[in-house]
Colleague: 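My questions all concern the structure below.
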Amino acid sequence: MEALVCMKLGDPTVPMTSDSSPIAAVTKFHPVPAISSSTSVRVRIRATSLNFANYLQILGRYQEKPPLPFIPGSDYSGVVESVGSGVSRFKVGDTVCSFAALGSFAEFIVVDEKDLFLVPEGCDLIAAAALPVAFGTSHVALVHRAQLKPGQVLLVLGAAGGVGLSAVQIGKVCGAIVIAVARGDEKVQFLKSLGVDYAVDLGKGNIIESVKNFLKSRNLKGVDVLYDPVGGKLTKESMKLLNWGANILIIGFASGEVPVIPANIALVKNWTVHGLYWGSYKLHQPHVLRNSLEELLSWLSKGLLTVHISHSYSLSKAHLAFAAIKDRKAIGKVMIALGGSTAGRSKL
């Protein structure tokens with residue numbers, strides 16, 4: 001089967017024709033994974049999502065470091081190709097999606113049936129492949145952890161990225177007042193087209209004062225929930241906007257700098273700081289992930305969510321996909337598409 005194999009740690013944006021590339025050239029001779037138990041399902045992958053964590057993992061900078069060599073990749077969608085003798089929830093030909101610790105940058109993946117989700121009829125398979133990690137992270141963070149309520153003010157940093165856009169949309173579904181922070185006019189204009197209540201360009205002026213002016217114009221006291229996949233100086237500055245009793249959601253550190261949250265101010269203002277490592281829920285509270293993804297698939301089927309695909313590449317061009325992640329030029333999701341047609345065009 002076709003598969004992308006990480007042979008060593010390094011920069012995955014290096015062309016795969018180079019000896020310094022950590023990613024082995026796509027090979028058709030990689031063995032197809034076998035059905036390993038009576039409840040195993042083999043899925044022919046149609047699309048797989050590229051997340052910042054995948055990039056960090058190949059660099060060797062992610063918290064989980066798999067032994068080499070490994071096939072990277074996490075969330076995916078596809079069609080059931082074969083099932084074990086004890087499988088009852090799925091049949092050959094079903095369209096499904098899911099996520100894994102590794103292995104989705106390949107033509108096939110084998111998983112237990114309990115880890116698969118049926119994609120509702122009419123949903124685009126590329127959109128479904130983009131859903132689990134990015135939208136799942138934001139859904140668990142905002143709905144399960146911060147318990148975002150209608151009328152609350154949500155501030156989303158890095159709002160034009162994969163998780164940022166998902167947080168913006170889930171915030172609107174929850175009825176929140178959404179303030180989105182991004183860099184560049186193109187990203188800001190796109191965020192406005194999604195119906196955010198206020199979008200601010202990180203590259204123009206003092207964003208804290210800009211947000212304060214917006215809040216004042218709406219007679220709002222401050223921000224109730226801070227969604228932060230960026231870290232660094234922006235986190236510290238954003239704290240000036242937080243209400244008493246605010247929730248801070250620590251999603252990641254795309255800036256490369258881990259922020260320091262002053263415990264004394266958190267005490268005085270009764271802030272709740274949530275560390276959100278989405279993948280660990282599979283080990284500790286798998287029912288939370290299942291309920292979350294089922295609700296997200298329902299929202300997708302009803303048209304409440306729009307998955308914006310910024311770039312889509314073949315496996316043989318995966319280094320370009322990683323470059324789009326590294327350069328942070330993507331608006332929305334970067335995808336790897338494998339053979340076969342999908343159920344329709346992704347919603348843009």
Side-chain angles (χ1 to χ4, degrees), residues 1-34 36 42-76 78 98-111 115 129-130 132-134 137 161-163 229 231-232 251-258 277-280 282-283 310-330 333-339:
M1 69 170 181
E2 287 188 322
L4 202 68
V5 183
C6 179
M7 304 300 295
K8 59 185 179 182
L9 299 180
D11 185 355
T13 67
V14 174
M16 286 186 286
T17 53
S18 170
D19 291 338
S20 61
S21 172
I23 303 173
V26 176
T27 172
K28 288 184 177 293
F29 301 104
H30 199 86
V32 174
S36 54
R42 183 162 57 226
V43 178
R44 180 183 290 272
I45 294 176
R46 291 284 179 83
T48 181
S49 175
L50 198 76
N51 300 291
F52 194 67
N54 304 129
Y55 170 67
L56 292 177
Q57 196 167 54
I58 295 174
L59 284 175
R61 298 177 185 171
Y62 194 59
Q63 55 258 39
E64 292 182 355
K65 296 177 172 58
L68 295 166
F70 64 88
I71 297 175
S74 45
D75 40 356
Y76 62 90
S98 191
F99 53 92
L102 296 169
S104 69
F105 285 18
E107 191 176 358
F108 293 99
I109 193 169
V110 170
V111 296
D115 295 325
V133 173
T137 294
V163 291
I251 307 300
F253 315 107
S255 68
E257 182 182 343
V258 177
Y277 176 26
W278 180 82
S280 65
K282 188 172 183 179
L283 175 63
S310 179
H311 300 75
S312 184
Y313 298 94
S314 64
L315 274 177
S316 62
K317 300 292 184 182
H319 64 285
L320 297 177
F322 281 108
I325 291 287
K326 179 182 179 180
D327 296 341
R328 299 195 184 96
K329 294 181 179 179
K333 292 294 297 178
V334 177
M335 306 296 295
I336 300 290
L338 286 89

Colleague: Using side-chain contact (heavy atoms from CB on, under 4.5 Å), reason through Ser74 and Asn51 one step at a time and then give a plain yes or no.
Modeller: CA-CA 8 Å; Ser74 45; Asn51 300 291; 3.1 Å; yes
Colleague: Less than 4.5 Å apart, any side-chain heavy atom of Val110 and any of Ser36?
Modeller: yes
Colleague: Any chance you could lay out the side-chain contact (heavy atoms from CB on, under 4.5 Å) test for Ile58 and Asn54, step after step, and finish with the verdict?
Modeller: CA-CA 7 Å; Ile58 295 174; Asn54 304 129; 5.7 Å; no
Colleague: For the side chain of Glu2 and the backbone of Glu107, is there at least one donor-acceptor N/O pair under 3.5 Å apart?
Modeller: no
Colleague: Quick check: closest heavy atoms across Ala3 and Ile71, and the distance to 0.1 Å?
Modeller: CB-CD1, 4.0 Å
Colleague: Measure the spacing between NZ of Lys326 and CG of Leu320 and express it to the nearest 0.5 Å.
Modeller: 12.5 Å
Colleague: Enter the distance from Ile251:CD1 to Phe52:CZ here, rounded to the nearest 0.5 Å.
Modeller: 14.0 Å
Colleague: State, to 0.1 Å, how close Pro12 and Ile23 come at their nearest heavy-atom pair, and which atoms those are.
Modeller: CB-CD1, 3.5 Å
Colleague: Could you give the distance from CZ (Phe99) to OG1 (Thr48), rounded to the nearest 0.5 Å?
Modeller: 13.0 Å
Colleague: Can you find a pair of side-chain heavy atoms, one from Ser104 and one from Asp75, that are under 4.5 Å apart?
Modeller: no
Colleague: What pair of heavy atoms forms the shortest contact from Lys8 to Ser21, and how long is it?
Modeller: CE-O, 3.4 Å
Colleague: Parallel, tilted or perpendicular: which fits the ring planes of Tyr55 and Phe322, with parallel below 30° and perpendicular above 60°?
Modeller: tilted
Colleague: Do Leu4 and Met16 make a side-chain contact, defined as non-hydrogen atoms from C-beta onward lying under 4.5 Å apart?
Modeller: yes
Colleague: Quick one: CZ on Phe105 to SG on Cys6, what's the gap to the nearest 0.5 Å?
Modeller: 11.0 Å
Colleague: Could you measure the distance from the CE atom of Met1 to the CG atom of Leu338? Nearest 0.5 Å is fine.
Modeller: 10.0 Å
Colleague: I'd like to check the side-chain contact (heavy atoms from CB on, under 4.5 Å) partners of Ala321; sequence neighbours left out, ordered by chain and number.
Modeller: Leu50, Tyr313, Val334, Ile336
Colleague: Would you say Lys317 has more than 12 foreign heavy atoms packed within less than 6.0 Å of its NZ?
Modeller: no
Colleague: Does Ser98 have any side-chain contact (heavy atoms from CB on, under 4.5 Å) partners at least two apart in sequence or in another chain, and if so, which?
Modeller: Tyr76, Asp115, Leu116, Phe117
Colleague: Report yes or no: does Asp11 contribute a side-chain atom to a donor-acceptor pair with the main-chain N or O of Thr13 at less than 3.5 Å?
Modeller: yes
Colleague: Going from NZ on Lys65 to CZ on Phe70, what distance comes out if it is rounded to the nearest 0.5 angstrom?
Modeller: 11.0 Å
